[in-house]
2 protein chains.
Amino acid sequence: MKLVTQVRYGTRILLDLAMHQSKGIVQMGDIASRQNISLKYLEQLIMPIKNAGLVTSKRGPKGGHRLAKSPDQITLAQIIRIFEKEYVPKEISDDTSTYSEHQDSLIREAWDEALEAFYNRLEKVTLADLSIGTTKKLWESSGLLIFT
Amino acid sequence: MKLVTQVRYGTRILLDLAMHQSKGIVQMGDIASRQNISLKYLEQLIMPIKNAGLVTSKRGPKGGHRLAKSPDQITLAQIIRIFEKEYVPKEISDDTSTYSEHQDSLIREAWDEALEAFYNRLEKVTLADLSIGTTKKLWESSGLLIFT
DNA sequence: TTTAATTCATACTAAATTGATATAGATTAT
DNA sequence: ATAATCTATATCAATTTAGTATGAATTAAA
């Protein structure tokens with residue numbers, strides 16, 4: 001059970017967008033250099049995020065991306081769900097007899113509820129939580145409020 | 001986030017052991033044929049289960065494996081923990097500046113608590129739950145109590 | 001209306017993980 | 001001794017994940 005890199009990068013992208021919200025639209029190229037991710041890889045990552053409705057985009061020169069919701073409406077759980085493909089557990093047994101169905105349904109039910117509990121906790125961390133912390137720290141350490 | 005095959009097979013092995021408890025010690029070869037898993041693969045899977053203290057073994061002829069605890073002391077969560085290697089989420093940011101530490105610790109904390117919630121639910125399903133269901137179903141459907 | 005900046009769409013490659021097989025050694029009841 | 005059984009590695013194949021490359025579609029601006 002691991003936090004795939006796509007989630008880490010995805011979070012960085014969204015966080016970057018959140019912190020540069022005031023600029024309006026932001027270019028992938030800028031994020032790429034700021035976050036030190038290859039532009040091409042980043043372009044791939046932003047796509048599912050966009051399809052999930054977390055950002056909107058505009059093509060052409062002066063185009064770019066922006067958050068589709070306010071940072072406190074975007075949660076860690078949402079980001080993780082985009083990349084961790086929802087997985088239905090296979091049957092424990094490989095036969096088709098009736099008696100294994102009971103086991104399988106017990107396991108599946110527990111699994112589903114466990115996943116729900118997992119995501120519930122992750123719903124509680126928003127981009128706002130993360131970026132507020134960031135700008136605050138920046139302010140404290142440098143005396144400059146760079147990202148506003 | 002998926003239930004790896006190792007967990008499915010591991011569960012089947014333990015369930016098989018649980019259902020043949022009365023025989024005392026059980027050979028991997030028997031489990032392999034009953035569960036339709038290659039003996040060699042199965043031998044690999046039983047090792048971490050043994051190291052986790054869920055079963056004990058005896059070598060030589062008439063050797064084999066048996067559960068180290070009663071079936072109601074063995075939970076799905078335990079089995080999953082054996083195979084899903086405990087994974088510490090990497091830092092979101094790759095720089096070493098102070099301001100990213102706050103984000104990372106927020107995320108890590110949420111992640112840890114989410115995992116805990118996940119496993120808590122899975123603690124509630126024991127081998128006994130699964131095997132009791134099985135023998136009962138068998139009884140009902142065939143009139144024969146095969147696994148006792 | 002051409003040009004250049006940008007997102008969008010795929011195809012491809014490389015590395016890591018997982019699933020499975022193979023070979024041989026260690027232990028022990030008979 | 002011998003054969004049955006578990007133990008320990010090595011190897012291979014399949015799948016998934018990470019990352020790169022190529023180029024088309026869109027559009028602001030000169």
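Atoms CG and CD1, from Leu15(B) and Ile31(B) in turn, are 10.5 Å apart once rounded to the nearest 0.5 Å.
In this structure Glu116(B) satisfies the salt bridge (charged side-chain N to carboxylate O under 4.0 Å, His left out) test with no other residue, sequence neighbours excluded. Every residue two or more places apart in sequence or in another chain was checked for a side-chain contact (heavy atoms from CB on, under 4.5 Å) with Lys62(B), and none qualifies. Residues forming a salt bridge (charged side-chain N to carboxylate O under 4.0 Å, His left out) with Lys40(B) (at least two apart in sequence, or on another chain): Glu43(B). Not a single side-chain contact (heavy atoms from CB on, under 4.5 Å) links Pro61(B) to another residue, sequence neighbours left out. For Ala32(A), the side-chain contact (heavy atoms from CB on, under 4.5 Å) criterion is met by Leu39(A), Leu42(A), not counting sequence neighbours. Listed by chain and residue number, Arg121(B) satisfy the side-chain hydrogen bond (donor to acceptor under 3.5 Å, both in side chains) test with Glu113(A) (two or more places apart in sequence, or in another chain).
In this structure, Pro61(A) and Gly64(B) both approach DNA chain D, and ranking their closest nucleotides by distance from the 5' end singles out Gly64(B).
Atom CG of Leu39(B) is separated from atom P of dA24(C) by 17 Å (rounded to the nearest Å). Between His65(A) atom NE2 and dT6(C) atom P the separation is 12 Å, expressed in whole Å. Whole-Å rounding puts the Gln27(A) CD to dA4(C) C1' distance at 13 Å. Atoms CE (Met28(A)) and P (dG19(D)) sit 17 Å apart, rounded to a whole Å. Note: CD1 (Ile13(A)) to C1' (dT7(C)) measures 14 Å, nearest angstrom. Protein atom CZ of Arg66(A) is 15 Å distant from nucleotide atom C1' of dT7(C), rounded to whole Å. Counting to the nearest Å, the C1' atom of dT2(D) and the NZ atom of Lys62(B) are 15 Å from each other.
Applying the salt bridge (Lys or Arg N to Asp or Glu O under 4.0 Å) definition to pairs two or more places apart or across chains, none involves residues 67-80 of chain B. The side-chain hydrogen bond (donor to acceptor under 3.5 Å, both in side chains) contacts involving residues 46-59 of chain B comprise nothing, where partners must be two or more places apart or lie in separate chains. Pairs engaging residues 46-66 of chain A under the ring pair (Phe, Tyr, Trp, His ring centres under 6.0 Å) rule: none recorded [sequence neighbours left out].
Listed in residue order, the members of residues 46-60 of chain B having a heavy atom less than 4.0 Å from DNA chain D are Met47(B), Lys50(B), Ser57(B), Lys58(B), Arg59(B), Gly60(B).
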Please tabulate the protein-to-nucleotide N/O contacts below 3.5 Å involving nucleotides 20-23 of chain C, giving atom names and distances.
residue : atom : partner  : partner atom : Å
dT21(C) : OP2  : Ser38(B) : OG           : 3.1
dT21(C) : O4   : Gln44(B) : NE2          : 2.3
dT23(C) : O4   : Lys40(B) : NZ           : 3.2

Review item, nucleotides 12-15 of chain C N/O atoms under 3.5 Å of protein N/O:
none

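A distance-only check finds no donor-acceptor pair linking the side chain of Glu123(B) to the backbone of Leu76(B) [under 3.5 Å].
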